[in-house]
*Asks:* 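My structure is below; once you've seen it, I'll send some questions.
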Amino acid sequence: MATFYNEPSHTFNEYLLVPGYSSSECIPSNVSLKTPLVRFKKGEEPAISLNIPLVSAIMQSVSGEKLAIALAQEGGISFIYGSQSIESEAAMVAKVKGYKAGFVRSESNLKPSDTLADVLALKEKNGHSTVAITSDGTPDGKLLGIVTGRDYRVSRMDLSDKVETFMTPLEKLITAPEGTTLKEANDIIWDHKLNSLPIVSQNGNLLYFVFRKDYDQHKKHPEELLDEQKRYLVGAGINTRDYAERVPALVEAGVDAVCIDSSEGFSEWQKRTIAWIREKYGNTVKVGAGNVVDRDGFRFLADCGADFIKVGIGGGSICITRETKGIGRGQATALIDVCAARDEYFKETGIYVPVCSDGGIVHDHHMTLALAMGADFIMLGRYFARFDESPTAKVNVNGTLMKEYWGEGSNRARNWQRYDLGGSTKLSFEEGVDSYVPYAGKLSDNVGQSLAKVRSTMCNCGALSIPELQKNAKLTLVSAVSIVEGGAHDVTLKSTGKSV
C-alpha cells in the first residue's frame, strides 16, 4: 500500500525561534551571512560562495539583467530566466558580465528630431532625468547632446518643441574618452561639479555615463559579488530539453552557474542533463538541480552530481501545483527533511551539497527560519518582483502602485519545459497564476532592511554566522492561537481606527 507520513507537513509560519544566549560580541555588524553556493569537499573552500544568502527565482517576471546586477551588488546572485530563446538569455548573461561598475549604459535615448513630449514620456517610463541625444536615438549612437531637467520647463514650452532646440549640445558638454578609469571619471565629475559624465569612443559614439550619485552608491556595496576579473557573478536557468544547445551558449556568454528549472527534480530527465554537462565540461560548469521535497529526492540529485539542490514544490505565492495536481509538501517540513539528508550525505561522503529553499517565504522572518532549518541560501520570486529592477511594468491598480508578477506555469509564461514529463511540447494546464504585487522601490533599500532583521534575529539566537545559527537554533511549533497572539491584538490601531 502507499507510504503514509504520520506527521503533518508544516509551513514557516508555524514555527518560532527560541532565543539563545547572546554574548557581548553578538551585534548585527559582526554577523557574517557568507554561504556556499556550490558543492565542496570537507576541508576545502567552495568554488563559489555568496556574501548574502539570497538568490532570485528563474522567472520571466523576476530575473532580468537589471535585477542580476542590482542583486550582485548586494552580494547575492540572480538566475536569468530560461523561458526565452537561447540567444536572448545568453545576451542577458553577457550584459551582466560586461557591466562595468560605475559605467552605466544609457537607457534613455532620443534623436534631435524627437519632442519634449517624447522626453516626458521617456522620463515617465524609465524614471531617469538624463536623456542622451544621439544621431539615431540608440544608446551607442553618435552623441549630439543631452537633456536634463534643467533644459526645459513644461509650463513655458510646447510639447511639440524639438529636442534639438533645447538640448545641451555636445560642444557645451564635458566628456571623457574611451579608456577613462572610474577614478579618473569621478575626479572629472567632482572638479567640474557635474551630475553626469558621458564616456565617448574615438568616433564620437556614446559608450557609457558615469553619474555623481553612483560614487556614493558604489561605496554602499562592500558585499558585491565579483569574479576574479572583477565582473559581477550571474546564473542562468536551463531546461531538460535543449540543454545541449543552451548550456554552451551560456558558458560562452560567461555564466557562473546554471540551474535546471523544473517543478519536480526527482527524474531521469535531470539525471541525463547533469550527466551531459559533466561529460562535456567536467566540474567546470556548476549546475543546480531540483526541486525536491524529501530525502530520497535529495539523495538522487546529490548522487547525480548536482552542485546545489533546490527544495520546494507548490509553496510559491503564484504556484497552484498543489491545487491542480495534489503534490507537494509544507515548505518547512520539506526543508528540515532534506537538510537532514544533506548532513547525512556529508558525513558519509565528505561532500557538502548546499540546499536552496525555494518558495514559502511570506515575511522577512521566514528567511531566518529557513536558514535556521538548514537552508544555505534562499530563492525568492515575489520578494524581488516588487522592485524597480525587476523586468515588469509598474501599474496603478485602484490608486496603488503595483508590479506585475506571474508564474512560469501560467498561461502568460507558458513555460512548458519547466513542467516537462516527456511527450508533447505544450502546457496542458496551468500550474501558476497571473497577478500583481505591491511596488516596493529599490532592491538595495529592501534587501538591506530584510537582512538587518535576519542579522538581529541571529544575534538573539547567539549566532554570528549561518552555520552557527543552524547548530545553535532552537525552534518551536506554535498553535493557531499563539500565531494570533504574535501580532497586534486586543487594541484599536491609531492608523486605521480598526480593532484587532
Side-chain angles (χ1 to χ4, degrees), residues 64-66 69-70 91 95-96 98-218 388-389 391-396 401 441-442:
E65 69 267 25
K66 286 184 187 178
I69 291 167
K95 284 180 182 178
V96 179
Y99 182 87
K100 297 181 179 179
F103 291 87
V104 180
R105 183 174 165 85
S106 180
E107 295 178 351
S108 295
N109 311 280
L110 291 173
K111 304 186 296 294
S113 59
D114 290 321
T115 65
L116 175 59
D118 295 318
V119 172
L120 298 177
L122 200 56
K123 184 178 179 181
E124 177 68 21
K125 177 184 176 183
N126 294 339
H128 303 315
S129 59
T130 299
V131 179
I133 310 304
T134 60
S135 56
D136 57 1
T138 65
D140 50 9
K142 193 174 185 65
L143 182 65
L144 301 178
I146 64 171
V147 171
T148 69
R150 294 178 298 180
D151 293 312
Y152 59 87
R153 291 186 69 177
V154 176
S155 61
R156 296 188 178 184
M157 296 172 64
D158 195 291
L159 292 179
S160 63
D161 287 352
K162 301 290 186 183
V163 166
E164 60 192 356
T165 65
F166 60 86
M167 70 181 186
T168 301
L170 179 63
E171 57 267 22
K172 292 186 178 181
L173 293 177
I174 294 173
T175 64
E178 184 176 3
T180 300
T181 66
L182 186 59
K183 182 181 185 306
E184 291 169 341
N186 281 314
D187 286 343
I188 294 170
I189 286 173
W190 287 102
D191 290 344
H192 294 275
K193 299 180 180 180
L194 306 174
N195 288 323
S196 64
L197 176 69
I199 308 296
V200 297
S201 70
Q202 290 183 347
N203 298 326
N205 288 54
L206 178 63
L207 298 173
Y208 307 102
F209 275 106
V210 177
F211 292 96
R212 173 190 287 263
K213 62 181 177 60
D214 286 345
Y215 176 81
D216 292 331
Q217 196 71 4
H218 184 63
D388 284 321
E389 296 86 353
T392 63
K394 279 188 290 187
V395 293
N396 189 312
L401 278 180
K442 292 183 179 179

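The basis for the numbers below is simple: all heavy atoms, side chains too, and nothing from hydrogens, waters or symmetry mates.
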*Asks:* Under the side-chain contact (heavy atoms from CB on, under 4.5 Å) test, which residues partner Lys394, sequence neighbours left out?
*Replies:* Asp388, Lys403, Tyr439

*Asks:* Are Thr138 and Asn109 packed together at the side-chain level, in the sense that at least one heavy-atom pair is separated by less than 4.5 angstrom?
*Replies:* no

*Asks:* What pairs of residues pass the salt bridge (Lys or Arg N to Asp or Glu O under 4.0 Å) test when at least one of them lies in residues 181-208, not counting sequence neighbours?
*Replies:* Lys183-Asp187

*Asks:* Starting at NZ of Lys95, measure out to CZ of Arg105 and round the result to the nearest 0.5 Å.
*Replies:* 6.5 Å

*Asks:* Kindly write out the residues that satisfy side chain to side chain donor-acceptor pair (under 3.5 Å) with Glu164, not counting sequence neighbours, or none if the list is empty.
*Replies:* none

*Asks:* Roughly how far, to the nearest 0.5 Å, is CZ of Phe209 from CG of Leu143?
*Replies:* 6.5 Å

*Asks:* Kindly write out the residues that satisfy side chain to side chain donor-acceptor pair (under 3.5 Å) with Asn203, not counting sequence neighbours, or none if the list is empty.
*Replies:* none

*Asks:* For residues 110-121, tabulate all N or O donor-acceptor pairs below 3.5 Å that involve a side-chain atom, not counting sequence neighbours.
*Replies:*
{"unit_1": "Asp114", "atom_1": "OD2", "unit_2": "Lys111", "atom_2": "N", "d": "2.8"}
{"unit_1": "Thr115", "atom_1": "OG1", "unit_2": "Ala117", "atom_2": "N", "d": "3.4"}
{"unit_1": "Thr115", "atom_1": "OG1", "unit_2": "Asp118", "atom_2": "N", "d": "3.3"}
{"unit_1": "Thr115", "atom_1": "OG1", "unit_2": "Asp118", "atom_2": "OD2", "d": "3.1"}
{"unit_1": "Asp118", "atom_1": "OD2", "unit_2": "Thr115", "atom_2": "N", "d": "2.9"}

*Asks:* Nearest heavy-atom pair of Ile199 and Pro177: which atoms, and what distance?
*Replies:* CG2-O, 3.7 Å

*Asks:* Excluding sequence neighbours, so at least two apart, what forms ring-ring contact (aromatic ring centres under 6.0 Å, His included) with Tyr208?
*Replies:* Phe103

*Asks:* Working to the nearest 0.5 Å, report the span between OG of Ser135 and CG of Leu206.
*Replies:* 10.5 Å

*Asks:* Looking at Ala176 and Leu197, what are the two nearest heavy atoms and their distance?
*Replies:* CB-CD2, 3.8 Å

*Asks:* Work out which heavy atom in Ala132 is nearest to a heavy atom in Ser106; give both atom names and the distance.
*Replies:* CB-OG, 3.7 Å

*Asks:* Sequence neighbours excluded, which residues qualify as side-chain contact (heavy atoms from CB on, under 4.5 Å) partners of Asp161?
*Replies:* Met157, Asp158, Thr165, Phe166

*Asks:* Restricting to side-chain contact (heavy atoms from CB on, under 4.5 Å), what partner residues turn up for Arg156, sequence neighbours left out?
*Replies:* Arg153

*Asks:* Using side chain to side chain donor-acceptor pair (under 3.5 Å) as the criterion, list what pairs up with Thr130, not counting sequence neighbours.
*Replies:* none

*Asks:* Nearest 0.5 Å please: distance from the CZ atom of Phe211 over to the OG atom of Ser129.
*Replies:* 7.5 Å

*Asks:* Run the side-chain contact (heavy atoms from CB on, under 4.5 Å) test on His128 and Leu122 for me, step by step, so that the C-alpha distance in whole Å, both residues' side-chain angles and the decisive distance to 0.1 Å come before the verdict.
*Replies:* CA-CA 8 Å; His128 303 315; Leu122 200 56; over 6 Å; no

*Asks:* According to side chain to side chain donor-acceptor pair (under 3.5 Å), who are the partners of Asn195, at least two apart in sequence or on a separate chain?
*Replies:* none

*Asks:* What pair of heavy atoms forms the shortest contact from Leu144 to Met167, and how long is it?
*Replies:* O-CE, 3.6 Å

*Asks:* Name all pairs fulfilling the side-chain hydrogen bond (donor to acceptor under 3.5 Å, both in side chains) condition that reach into residues 168-180, sequence neighbours left out, sorted by first residue then second.
*Replies:* Asp151-Thr168

*Asks:* With sequence neighbours left out, write down each residue that passes side-chain contact (heavy atoms from CB on, under 4.5 Å) with Asn396, or none if nothing qualifies.
*Replies:* none

